[in-house]
2 protein chains.
Amino acid sequence: MSVLRPRTADATRPSANAHLDLHELVETHLRRIDQRYTSGRQAVVQLLATSGRPLSISDISSAAPDVPRSSAYRHLSDLQRAGVVRRIAASDEFARFELAEDLTHHHHHLLCSNCGKVIDVTPSPAFEATVASMVDDLTLEQGFHATSHALDVIGHCASCQAT
Amino acid sequence: MSVLRPRTADATRPSANAHLDLHELVETHLRRIDQRYTSGRQAVVQLLATSGRPLSISDISSAAPDVPRSSAYRHLSDLQRAGVVRRIAASDEFARFELAEDLTHHHHHLLCSNCGKVIDVTPSPAFEATVASMVDDLTLEQGFHATSHALDVIGHCASCQAT
DNA sequence: GTTGTAATGAGACTCAGTCTCAGTATACGT
DNA sequence: ACGTATACTGAGACTGAGTCTCATTACAAC
Ligand SMILES: [Mn+2]
Ligand SMILES: [Mn+2]
Ligand SMILES: [Zn+2]
Ligand SMILES: [Zn+2]
């Protein structure tokens, strides 16, 4: 039983709490590769789930100082192997991490080329349908097998436009 | 006068050779920031111009062993400052470099998540118009000022599908 | 409890990328 | 042609995000 994520479920509303569902799903994913859902991993997943944006290792370290850096790296890598976490490359030198789209929803990123900030944006279904068919076209003649796509918008965030 | 790129122009056809145009354009960009277009920089630009795909430092080093690594890094960084080169993050840990779209044309990338290979693909104008308007939509409500976009398709290249 | 396996923390280590500095090349003014 | 200022270069030291090792600890199963 973890202080970080008390799992005392409210039995009267089995599926009411999205957080419980998320963590149970994560646990399933980990179990599938014979891994346990320990408190350190829970802490990392909890951070990613509530941040609203991809987090760097520094973000994670300062938000959860009790999780050692080397463990945080390993947690993220294990969670990635389990299909729970996705690593993304931002405009700066630091990798960012977010929950896999299977556990959240498909979305894209605005990357600030000045400060490195990454902002989540969710496009309309119509947009996505268009993108998907375009991706098929691009992909076909190269003998390339597409598994996903990423539409990044590069520019300057609101705070960096003051400069 | 460089052995790497003889600039003896054929005066009878002033604009017939695209390579000459490219290098003159690069020189202009460099001059704009008080930089010279030296032979090492020429070698790097020549490689990027003829490769047909983004190159890693290793690619560049093995294709031009006479250019020291530290100089190659510096050339790329200087050329990037001059707006001639663009750095892109692939699926692996290694950065890739390509000529800026101002000097070539707008295009996108297929990233192999297995071997890290990057393939250039050029979408239709209709596609691009769609993407551009979608980008505007995504961007508007965030107070974000977009300067460019990148549509990456992640998957497995033809050679890696045999596995 | 015993045993096998997974997880952890501390810190050594790797290596892509950056920085320093002494020496060299190039442009420009006279 | 010469002097001067500034850009450029190569060698190698250095940085630091990310990885690996290993001794120890937690967990799950029987
Ligand atoms: Mn995201
Ligand atoms: Mn490209
Ligand atoms: Zn910013
Ligand atoms: Zn491949």
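Chain A is the first sequence line, chain B the second, and so forth, proteins listed ahead of strands; every chain is numbered from 1.
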Same apolar cluster: B:L99 and B:V67, side chain cutoff 4.5 Å: no
Path from B:V135 to A:M134 over hydrophobic side-chain contacts below 4.5 Å: yes
Please report, rounded to the nearest Å, how far the [atom2] atom of [N] is from the [atom1] atom of [X].
X     : N      : atom1 : atom2 : value
B:D78 : D:dT6  : CG    : C1'   : 14 Å
B:L30 : C:dA27 : CG    : P     : 13 Å
A:L76 : D:dA17 : CG    : P     : 15 Å
A:L79 : C:dA7  : CG    : C1'   : 13 Å
A:E27 : C:dA7  : CD    : C1'   : 15 Å

Distance (rounded to the nearest 0.5 Å) between A:I154 CD1 and A:D152 CG: 6.0 Å
Point-to-point distance, once rounded to the nearest 0.5 Å, from OG1 of B:T122 to CZ of B:F127: 11.0 Å
Any A:H75 side-chain nitrogen or oxygen under 4.0 Å from OP1 or OP2 of C:dT8: yes
Ring center gap for B:Y37 and B:H23 short of 6.0 angstrom: yes
Check: A:H149 ring centre within less than 6.0 Å of B:H108 ring centre: no
Pair B:R87-B:E98, side chain to side chain contact (heavy atoms under 4.5 Å, CB included): steps then yes or no: CA-CA 7 Å; B:R87 167 186 296 223; B:E98 65 181 7; over 6 Å; no
Could you go over nucleotides 25-30 of chain D and give all protein N or O partners under 3.5 Å, atom names and distances?
none

Which residues share a side-chain hydrogen bond (donor to acceptor under 3.5 Å, both in side chains) with A:T139, sequence neighbours left out: none
Touch class at under 4.0 angstrom, heavy-atom based, for B:D34 against every strand present: sugar-phosphate
Exercise: identify the closest heavy-atom pair between A:T147 and B:G155: OG1-CA, 3.6 Å
Nucleotide nearest A:R41 (side chain, heavy atoms from C-beta), chosen from D:dA7, D:dT9, C:dT8: C:dT8
Using atom names, set out every protein N or O paired with an N or O of nucleotides 12-21 of chain C below 3.5 Å, distance rounded to 0.1 Å.
unit_1, atom_1, unit_2, atom_2, d
C:dG17, OP1, B:A95, N, 3.4
C:dG17, OP2, B:Y73, OH, 2.9

